[in-house]
Amino acid sequence: GDIPISERMTLDGAVNKTGILLSLCFGGAFIGWNIPQLMLPAMLIGFVLAMVTIFRSPAKAGSTAPLYALSQGIFLGVSFSFLPVLKSLK
């Protein structure tokens, strides 16, 4: 059947959602860079959110995606904060 106009995917909507999730990821990376103790909790939370979204409730991806982007941003921020240490080991 036909999808109602209000529920159709548009280019503007996709760009806006991508921008929001990317900004949450960058914000999380800033937090992770400054608070490296959050690496393990962020990794575990991101993994659980991914599993819940994939297997349990794909329809709720709109509510789990921002939390996932934030937690993975934190994990990436901590990961990239270790780059200067790794470069100094050469």
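More than 12 heavy-atom neighbours from other residues, nucleotides or ligands sit within 6.0 angstrom of CG on Leu86.
In this structure, Ile74 CD1 and Ser79 OG are separated by 11.5 Å, a value rounded to the nearest 0.5 Å. The distance from atom CD1 of Ile20 to atom SG of Cys25, rounded to the nearest 0.5 Å, is 14.0 Å. The CZ atom of Phe26 lies 10.0 Å from the CG atom of Leu76; values are rounded to the nearest 0.5 Å. Within the model, atoms CG of Leu70 and CD1 of Ile45 stand 9.0 Å from one another, a figure rounded to the nearest 0.5 Å.
Hydrophobic cluster of Phe55: the remaining members, joined at side-chain heavy-atom separations below 4.5 Å, are Phe47, Met51, Ile54, listed by chain and number. Through chains of ILVMFWY side-chain contacts below 4.5 Å, Met43 is grouped with Met39, Leu40, Leu44, Phe75, Val78, Phe82.
Taking all atoms of both residues into account, the shortest heavy-atom contact from Gln72 to Ala42 is NE2-O, 3.7 Å.
Applying the side chain to side chain donor-acceptor pair (under 3.5 Å) test to residues at least two apart or on different chains, none of the pairs has a partner in residues 8-19. Pairs of residues two or more places apart, or lying in two chains, that qualify as side chain to side chain donor-acceptor pair (under 3.5 Å) and include a residue from residues 37-62 are Thr53-Thr64.
The side chain to side chain contact (heavy atoms under 4.5 Å, CB included) search around Pro4 returns Ser6, Glu7, not counting sequence neighbours. Scanning for side chain to side chain contact (heavy atoms under 4.5 Å, CB included) contacts around Pro66 gives Leu21, Leu24, with sequence neighbours left out.
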